[in-house]
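Have a look at the structure below, then the notes.
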Amino acid sequence: MLKKIFLALFIVAFIACNATPRVDMDTEGLKPDASQSLVAKELVKIIEGAHYKKVKVDDSLSSQVLDRYLKQLDEGHSYLLASDIKDFEKYRFTFDDDLRDGDLSAFFHIFNVFQTRYTDRLKYSLTQVDKPYDFTKNETYTYNREKLPWLSSIEASNELWSKRVESDLLSLKLSGTDAKKNAETLKTRYKNLLSQTEKLNNQDAFQVIMNSFTEAIDPHTNYFIPQRAQAFNEEMSRTFEGIGASLQLENEVIKIISIVPGGPAFKAKTLHVNDKILGVAQGKDGEFVDVRGWRLDNSVSKIKGPRGTVVRLKIIPAGQEISSQPKIVTLVRDKVVMEDQSAKKTVKTIIQNGKTYKIGVIEVPAFYMNFKDYQAGDPNYKSTTRDVRMIIDTLKRDKVDGIVIDLRTNGGGSLMEAIELTGLFIKKGPVVQVRNPRSTEVSDDDDPSISWTGPLGVMVDRFSASASEIFAAAIQDYNRGIIMGTQTYGKGTVQSALDLSRYISTVDQLLNKVKDTDKNTTATEGPKFGQINLTIAKFYRINGSSTQHKGVIPDIQFPMIFSADKYGESSEPSALPFDSISPANYTAVANLKPINVQLVKLHDARMKTSSEYKYLLEDISEFKKRENEFEVTLNEAKLKQEREVQETRSLVRDNQRRAIKGLPPLKKGEVKKGDDYDFVQDESLKTMADFIRLNQTGQFTMVY
């Protein structure tokens, strides 16, 4: 124990900053620790030395960091006061020096002020719930004050939050419950928010602080605290080691909300959805730790662990009272594969011009890869390309006429996977160009094998980004298939994930020694000092154009619901600019321009007579209207009328759609079942049927 204390003290002494902190933290709430100070200093060095932009951490950047920090904390201008903002102005041009020195005191001071305001607002709201409210007045509540001045005083804040309580109560009243129950529901909601904010720790604050710093440089340079780094890496690999259960916090108790198929909990059949976890013990003989009231992430870190290790859970089975006798469940942790978040297929049948076409749709949610297993030489490592290749094999056995890769809402992932996935559809050749500050490299598909040589389509939308854009752009540039959807996100930058322990090795070794003496520490906390995903390069299409800002423009375009000025890379003030370079040496496998002209004409003709297309345009108009609204009426009659108009409109629209499909109409309040119609996919498949039909006439021939 003395050795552990000595080492810990040595670490603090080793990394302590000699300068006096800018803000006296003795009376503050959350405080930075020594390791966070060290991380901040190291991040400045890494960013200035290795970021693609060759950025300088100076006064100009400091000003941007302050603005971003305040926006992250209180974007809606509903908590902080104008006097707070005025006081924070003294830090506008000092954050650069603070970060360089590892002095986080000013950052934490601002966070603590915000937390105080946030807590005070919730406590004040609790005092307002039982007040009598007059819902006949013609007043409004402004729920988003982003474009309005900061609150001028506590009195102004009280007025705003009293209206928020009134708005919440009015919404509950319109749901049909009685006033007493509504008050209790709202009190419980506010108390739960208070409980969660009381669980915040200095790592939570540090995450927000570092986000403000890194995203002021560019929107995709991100720092992750250890737990978030672990979650990010698991998301990338689509695997983790644990029991295979999804958890959530409900009234201070951990509840199981789903069981991952194939995981330890699924195989053991001893855990079930809605079971409550009261305690966790490590190994066959470890003592139980009561996790009631814990933060969710802290509980999860106790439950997860290396494969082959034992964890015991003290649970209350679903449906039983929390006071019931707990049950002990013993599980052996294992590798868990998140299949529901992996590539999956459906086979759709399209009848067009009297002919039937079978089209395989492969939904790819991300470009994932288990780097750890890949580097270890595991031939069965989890990856997008391996999953899609196996799916294609099954689709060929199903004798499909064409394949569509659905990349809608796919935010990207592994650059290597984007290249290899492209390789499933071309013989060989360049896929993407990557330019760093020193040189430009062309990344090729070197595998001459082709998994699918038939008609190919790719679906994209505004939230298809990064690796999705690399794949879609390569398919388009090679004229290998048709791209359908809306303009993509426009992320043309490359990030490298850096474990900061590599840069803070001396202290890392000391911390390892401390951890060796702590038997209660789990091995699932992620990189010890966190991880930075650093922008190190830009990628370019093989035709030389960047996707940065502009994204990929589909061959068959649909109206864009989300405007470019609010969604996408072009909406980010710190985003890198668009540019272009020389094209790579490649040869298109076909000439699709003539066939694309015909496909566009056929698509446009369908849209002129399509009720669904008309509905889509109306929905876009309604979305833009709602997007620009920032207040709600507090008059019960008006709000009720507004909601009834909206509900009636939705019901009429739903029944019009159902009538077209020959389905019976819904009654008011009736829930739709089995009618999740995807208009964009349906029209894309009709376009694919056109493509297949025209291809059968010999107009489209690939040359390898």
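None of the values given here were measured: they were computed from a predicted structure. If you read the sequence from its start, that first residue is 1, and numbering goes on from there.
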(message) For a quick check under 3.5 Å, do Ser464 and Asp461 share a side-chain donor-acceptor pair by atom type?
(response) yes
(message) Tell me whether Glu417 contacts the main-chain N or O of Thr385 through its side chain, where contact means a donor paired with an acceptor under 3.5 Å.
(response) yes
(request) Walk me through it: do Met210 and Leu99 pass the test side-chain contact (heavy atoms from CB on, under 4.5 Å)? (result) CA-CA 10 Å; Met210 289 298 102; Leu99 289 165; 3.8 Å; yes
(message) Counting neighbours of OH on Tyr374 that are heavy atoms of other residues, nucleotides or ligands and sit closer than 6.0 Å, is the number greater than 12?
(response) no
(message) Per the salt bridge (charged side-chain N to carboxylate O under 4.0 Å, His left out) rule, what does the pair list look like for residues 582-592, sequence neighbours excluded?
(response) none
(request) Using the side chain to side chain contact (heavy atoms under 4.5 Å, CB included) rule, pick out the option among Lys345, Gln681, Met459 that qualifies with Val361. (result) Gln681
(request) Can you label the angle between the Phe471 ring and the Phe367 ring as parallel, tilted or perpendicular, going by 30° and 60°? (result) tilted
(message) Hydrogens and angles aside, do Gln230 and Glu234 bring a side-chain donor and acceptor to less than 3.5 Å of each other?
(response) yes
(request) Enumerate the residue pairs fulfilling salt bridge (charged side-chain N to carboxylate O under 4.0 Å, His left out) with a member in residues 357-376, sequence neighbours excluded, ordered by first and then second residue. (result) Lys335-Asp373
(message) Can a side-chain donor-acceptor contact be found between Glu469 and Thr547 if the only test is distance below 3.5 angstrom?
(response) no
(message) Run the salt bridge (charged side-chain N to carboxylate O under 4.0 Å, His left out) test against Lys491 and tell me which residues pass, sequence neighbours left out.
(response) none
(message) Given 3.5 Å as the limit, does a donor-acceptor pair link the side chain of Gln495 with the main chain of Thr221, or not?
(response) no
(request) Quick one: list whatever passes salt bridge (charged side-chain N to carboxylate O under 4.0 Å, His left out) with Asp682, sequence neighbours left out. (result) Lys686
(message) Whether Lys348 and Asp678 form a salt bridge (side-chain N of Lys/Arg under 4.0 Å from carboxylate O of Asp/Glu) is what I want to check.
(response) no
(message) Just checking Phe206 against Tyr223, ring centres under 6.0 Å apart?
(response) yes
(request) Could you list all the ring-ring contact (aromatic ring centres under 6.0 Å, His included) pairs where at least one residue sits in residues 573-592, not counting sequence neighbours? (result) Tyr478-Tyr586
(request) Please find out if less than 6.0 Å separates the ring center of Tyr613 from that of Phe558. (result) no
(message) Looking at Tyr381, is its backbone amide N or carbonyl O close enough to the side chain of Arg386 to form a donor-acceptor pair, meaning the two atoms are under 3.5 Å apart?
(response) yes
(message) Looking only at the side chains, is there a donor atom on one of Asp387 and Tyr368 sitting less than 3.5 Å from an acceptor on the other?
(response) yes
(message) Restricting to salt bridge (charged side-chain N to carboxylate O under 4.0 Å, His left out), what partner residues turn up for Arg397, sequence neighbours left out?
(response) none
